[in-house]
Amino acid sequence: MKIAPTVFKVLNYEDNIPITLKELIQRRTTTYNLRGKNILTLPKINSTRQGLKSWRYLAPKIWNALPDI
């Protein structure tokens, strides 16, 4: 599975996306006017062995690493 295109679909096409994927990705809310509109929150992980390799952690990390255009 390709992570970045899947995150894009979850953020933009909310009609055809399963609820389980929507629950895994959360946008970061802030009161400041920042350049990045779609910054995602990184969840806290309990174990570094499995937590850092999970889709729940990797998807926001990869999405946040993409440059804003």
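The residues of the chain are indexed from 1 along the displayed sequence.
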**Q** Please enumerate all residues that pass side-chain hydrogen bond (donor to acceptor under 3.5 Å, both in side chains) together with Arg27, with sequence neighbours excluded.
**A**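 Checked Arg27 against side-chain hydrogen bond (donor to acceptor under 3.5 Å, both in side chains); matches are Asn38.
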**Q** Testing Leu11, Val10, Ile25, Thr6 one by one against Ile17 for a side-chain contact (heavy atoms from CB on, under 4.5 Å), which residue passes?
**A**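 When Leu11, Val10, Ile25, Thr6 are each tested with Ile17, the side-chain contact (heavy atoms from CB on, under 4.5 Å) holds only for Val10.
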**Q** What heavy-atom pair brings Lys44 and Arg56 nearest, and what distance separates the two atoms?
**A**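 Taking every non-hydrogen atom into account, O-NH2, 3.1 Å.
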**Q** Who are the side chain to side chain contact (heavy atoms under 4.5 Å, CB included) partners of Pro18, not counting sequence neighbours?
**A**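 Listed in chain order: Thr20, Leu21.
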**Q** Is there a path of hydrophobic side-chain contacts, each under 4.5 Å between heavy atoms, that joins Phe8 and Ile19?
**A**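 Not linked; separate clusters.
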**Q** With rounding to the nearest 0.5 Å, note down the distance linking OG1 in Thr41 to CD in Gln26.
**A**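 The OG1 atom of Thr41 sits 4.5 Å away from the CD atom of Gln26.
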**Q** Where do Trp63 and Ala4 come nearest, in terms of heavy atoms and distance?
**A**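 It is CZ3-O, 3.7 Å.
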**Q** For Ile45, what are the other residues in its hydrophobic cluster, where any two members join if their side-chain heavy atoms are less than 4.5 angstrom apart?
**A**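 Taking Ile, Leu, Val, Met, Phe, Trp and Tyr as members, Ile45 shares its hydrophobic cluster with Leu42, Leu52, Tyr57.
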**Q** Is it the case that atom NZ in Lys61 sees more than 12 heavy atoms from other parts of the structure closer than 6.0 Å?
**A**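 For Lys61, atom NZ is not crowded (no more than 12 foreign heavy atoms under 6.0 Å).
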**Q** Answer yes or no: is there a donor N or O on one side and an acceptor on the other, between the side chain of Asn64 and the main chain of Leu40, under 3.5 Å?
**A**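 Checked: pair present.
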**Q** Using side-chain heavy atoms (C-beta onward) and a distance below 4.5 Å, is Val7 in contact with Ile62?
**A**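 A side-chain contact is absent here, since even the closest heavy-atom pair is not under 4.5 Å.
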